[in-house]
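Quick note on labels: first sequence line is chain A, next is B, and so on, each numbered from 1.
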There are 2 protein chains.
Amino acid sequence: MQVNRGTVTIHEVAREAGVSISTVSRIINGTAYVADDKRQAVERAMLKLGFRPNYLAKTLMTGRSMSIGVIAEDIVSPYYADVIRGVEHAMLDTPYQPIVNSGHWSRKYESRAVETLIYRKVDAMLLLGSTLPDGTLQEIASRVPLVVFGRTVPGLEEHCLALDNVHGAYLATRHLIELGHRNIVHVRGPQGQQDAEDRLHGYRTALAENDVPHRPELEILGDFTEQPAYQALTHLLDARVPFTAVFAANDQMAAGARLALHRKGLRVPEDVSLVGFDDLPSSAFTSPPLTTVHQPTYRIGLALATHLLNVVQDLPSQLPAFDLTLVVRESTRPLR
Amino acid sequence: MQVNRGTVTIHEVAREAGVSISTVSRIINGTAYVADDKRQAVERAMLKLGFRPNYLAKTLMTGRSMSIGVIAEDIVSPYYADVIRGVEHAMLDTPYQPIVNSGHWSRKYESRAVETLIYRKVDAMLLLGSTLPDGTLQEIASRVPLVVFGRTVPGLEEHCLALDNVHGAYLATRHLIELGHRNIVHVRGPQGQQDAEDRLHGYRTALAENDVPHRPELEILGDFTEQPAYQALTHLLDARVPFTAVFAANDQMAAGARLALHRKGLRVPEDVSLVGFDDLPSSAFTSPPLTTVHQPTYRIGLALATHLLNVVQDLPSQLPAFDLTLVVRESTRPLR
DNA sequence: CTGTTAGCGCGTTCAA
DNA sequence: TTGAACGCGCTAACAG
């Protein structure tokens, strides 16, 4: 039997105040009326002993932990970070607490995180992106209330929030076309990743709808980080493939592309127009500020959390829809 | 009494396998040898019933939750995010799990986060920066093993990891001076914030040691984000205060400063040299790549977590020291 | 090697 | 109104 020194429980409080533990419990939870004198005695005892209720014991009894598990593909990604910020803010003044973890873009670690959180009895779970197959997500949803961002899982539609990436990419590409560009490079996200595929699709659609010939050699592959985008565009430049604009599937890759242009002495937007996707907080402060597709990540986080809180409290709730919008800043200009 | 439908406990497993609950417990935890036939029966029963152990009940007994509370001033800040990444990676293949929260740069929310984590019985706590006074931190440390990054708390020295910001700023400023610059703007961090004050101090020391006259009007105030830095430098430019270099107290403010210069048609580094602080992952990919003071944030996260894991396991451990180094990239050049 | 028993700290009936 | 007693799911002595 371990010692548990220094842990003061409702028993000591009860003894100190000269009442039973149930009375103490009632006062803590406001479950029933308690005579004023006893209430005061108990409150004095709690203060004196420095009583701290044990959440685990409480959870064991009630079955509710007042915590919400949040798993992001990657906490570090500025994109998810902003969503998390929204989630945190929404929960700040509620009794619920978010417990956030990374899935590290890996099925293994993501499912480990899921298991751990369920073991810890979170009352609900929020997945910010997910590499897990639909079936697994459905199974998880049967064990704990689940909300998913960035994907629509069959059977869980009303708890999924996904944005129209095809449309966002369409807007970005059309903007460039309207500016007169016809040779538009697309820096793709990782192959097979849904958002990346959708954005590629939006790019192609915009070309097709505006009778701009599709040139496969202008589609280059990245992985949503700067370095590979930098390299891919450098290769293209070295190969002297002509183009006048670049649409990168996210802002980080836009930064990589921008550097490749910079190294070759090409100016943005004078020589090449550049569009990103995501609108990271930092993208408004690049030089020049980046034209990009804005995702209302903070508001999404807020909405996600609000919905989640409703769900765990059995309140009716519906996830709102969010639009992707093009933010025109200074990295694009008409083809002269 | 709530229903707890669907929750299968060791009792059902024991019944199904025809053994006692302690035998089941022993098999789960490997506490003692169990006859092979019983073990197999139990394992079959667990699988069949889909048994999931309840961590809370376990924690209630053992007093160890196998979780580590991590509180960052701000999860969203790319700076802390990289430290968190290190922490997560270090714990990835251990039985311990980090539970991360934001303090939101506020005493109120930070102490709330601390309380919540202690209530949840985390085995130890890691503070990534802290706005709490020394006394409070000492009190926390008396309740739970505590490690602090970014500050040295009296009495807790061996569990604190802080970098020499004065020296880092000194290096940055000296670099500029060696390049021939004498009119060096310093974009300060928020007044009163320790890191900000230290960096200011390092800047002044470098000037003094190299006989560069100190011009107070070149010290402008920011708050570690882009916008105020942008504005402050714009004011300075409008006032036609002459300078040839800028040392910003962090990379985000360097981006703001860079934009102010860009808007006035000043090129970096041709017209003005620019140095940052932190070396955010994105700073290597700005155009031009930023010269900045590198903080080994990821490795720090790793070290912090490793130390923490040692501490909770009563293993001897010592926090290593880390150096700040100047990374010279392409945003600085000799004064012509 | 295995089962019985006594808690961990708390919420919640049921009588009084 | 209040207290006694039970149980949440599990671990850890203690016998055997």
Side-chain angles (χ1 to χ4, degrees), chain A residues 1-43 45-46 49-66 95 118-121 123 143, chain B residues 1-43 45-46 49-67 95 118-121 123:
Chain A
M1 217 83 336
Q2 94 285 8
V3 201
N4 257 352
R5 280 168 34 78
T7 307
V8 17
T9 74
I10 52 174
H11 283 97
E12 355 270 297
V13 176
R15 191 181 321 132
E16 172 79 24
V19 300
S20 77
I21 57 164
S22 356
T23 302
V24 178
S25 171
R26 288 185 185 108
I27 293 178
I28 296 172
N29 301 295
T31 319
Y33 283 114
V34 172
D36 248 15
D37 53 332
K38 306 219 173 199
R39 139 162 287 122
Q40 286 176 16
V42 169
E43 281 169 350
M46 294 203 299
L49 301 178
F51 170 73
R52 320 259 178 180
N54 184 326
Y55 259 56
L56 292 137
K58 186 174 187 157
T59 301
L60 194 56
M61 262 316 292
T62 60
R64 338 190 66 225
S65 66
M66 307 307 279
I118 292 184
Y119 284 171
R120 293 197 190 295
K121 300 290 175 199
D123 293 333
R143 297 209 271 150
Chain B
M1 216 87 332
Q2 92 285 5
V3 200
N4 257 350
R5 278 169 34 78
T7 307
V8 17
T9 72
I10 52 174
H11 284 96
E12 356 270 294
V13 175
R15 190 181 322 130
E16 172 79 24
V19 301
S20 76
I21 56 166
S22 6
T23 301
V24 178
S25 172
R26 287 184 188 109
I27 292 178
I28 297 172
N29 302 294
T31 318
Y33 284 114
V34 172
D36 248 14
D37 53 332
K38 307 218 172 199
R39 137 163 288 122
Q40 285 177 17
V42 168
E43 281 170 350
M46 296 203 297
L49 301 178
F51 169 75
R52 320 260 177 181
N54 184 327
Y55 259 57
L56 283 93
K58 181 174 186 158
T59 301
L60 194 57
M61 258 320 288
T62 59
R64 338 192 67 226
S65 67
M66 307 308 276
S67 65
I118 292 184
Y119 284 172
R120 293 198 189 292
K121 300 291 174 199
D123 293 333

Report the C-alpha distance between Asn54(B) and Leu60(A) in whole Å, list the side-chain angles of each, state the deciding distance to 0.1 Å, and finish with yes or no for side-chain contact (heavy atoms from CB on, under 4.5 Å).
CA-CA 9 Å; Asn54(B) 184 327; Leu60(A) 194 56; 3.9 Å; yes

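- Residues Lys38(A) and Ile27(A) come closest through the heavy atom pair O-CD1, 4.3 Å.
- Across the protein-nucleic acid pair, Met61(B) atom CE and dC10(C) atom P stand 15 Å apart, rounded to whole Å.
- Residue Ala35(A) places its side chain closer to dT2(D) than to any other of dT2(D), dA12(D), dC10(D).
- Considering only side-chain N and O atoms, Thr23(B) lies under 4.0 angstrom from the phosphate OP1 or OP2 of dG3(C).
- Considering only side-chain atoms of Leu60(A), the nucleotide from dT2(C), dT11(D), dG9(C) that sits closest is dG9(C).
- In this structure, CE of Met66(A) is placed 16 Å from C1' of dC10(C), rounded to the nearest angstrom.
- In this structure, the side chains of Ile28(B) and Phe51(B) come closer than 4.5 Å at one or more pairs of heavy atoms.
- Counting any heavy atom pair closer than 4.0 Å across all strands shown, Tyr55(B) reaches no nucleic acid atom.
- Checking the phosphate oxygens (OP1, OP2) of dG9(D), no side-chain nitrogen or oxygen of Thr9(B) falls inside 4.0 Å.
- Between Arg52(B) atom CZ and dG9(D) atom P the separation is 16 Å, expressed in whole Å.
- In this structure, the NZ atom of Lys58(A) is 9 Å from the P atom of dT12(C), given to the nearest Å.
- Note on Ile21(A): a base of the nucleic acid sits closer than 4.0 angstrom, heavy atoms only.
- The CD1 atom of Ile10(A) sits 13 Å away from the P atom of dG3(D) (whole-angstrom rounding).
- Under 3.5 Å, the side chain of Ser25(B) and the base of dA12(D) form no donor-acceptor pair of N or O atoms.
- Here Lys38(B) reaches the OP1 or OP2 of dG3(C): one of its side-chain N or O atoms lies under 4.0 Å away.
- Between the side chain of Ser22(B) and the base of dT4(C), at least one donor-acceptor pair of N or O atoms lies under 3.5 Å.
- As a whole-Å value, the separation of Arg15(A) CZ from dT2(D) P is 20 Å.
- Considering only side-chain N and O atoms, Asn54(B) lies nowhere under 4.0 angstrom from the phosphate OP1 or OP2 of dC8(D).
- Across every non-hydrogen atom of Lys121(A) and Ser65(A), the tightest pair is O-OG, 2.6 Å.
- Between the Asp123(B) side chain and the Met66(B) main chain, a donor and an acceptor come within less than 3.5 Å of each other.
- Atom pair Arg26(B):CZ and dT2(C):P shows a separation of 8 Å (rounding to whole Å applied).
- Atom C1' of nucleotide dG9(C) and atom NZ of Lys121(B) are separated by 9 Å, given to the nearest angstrom.
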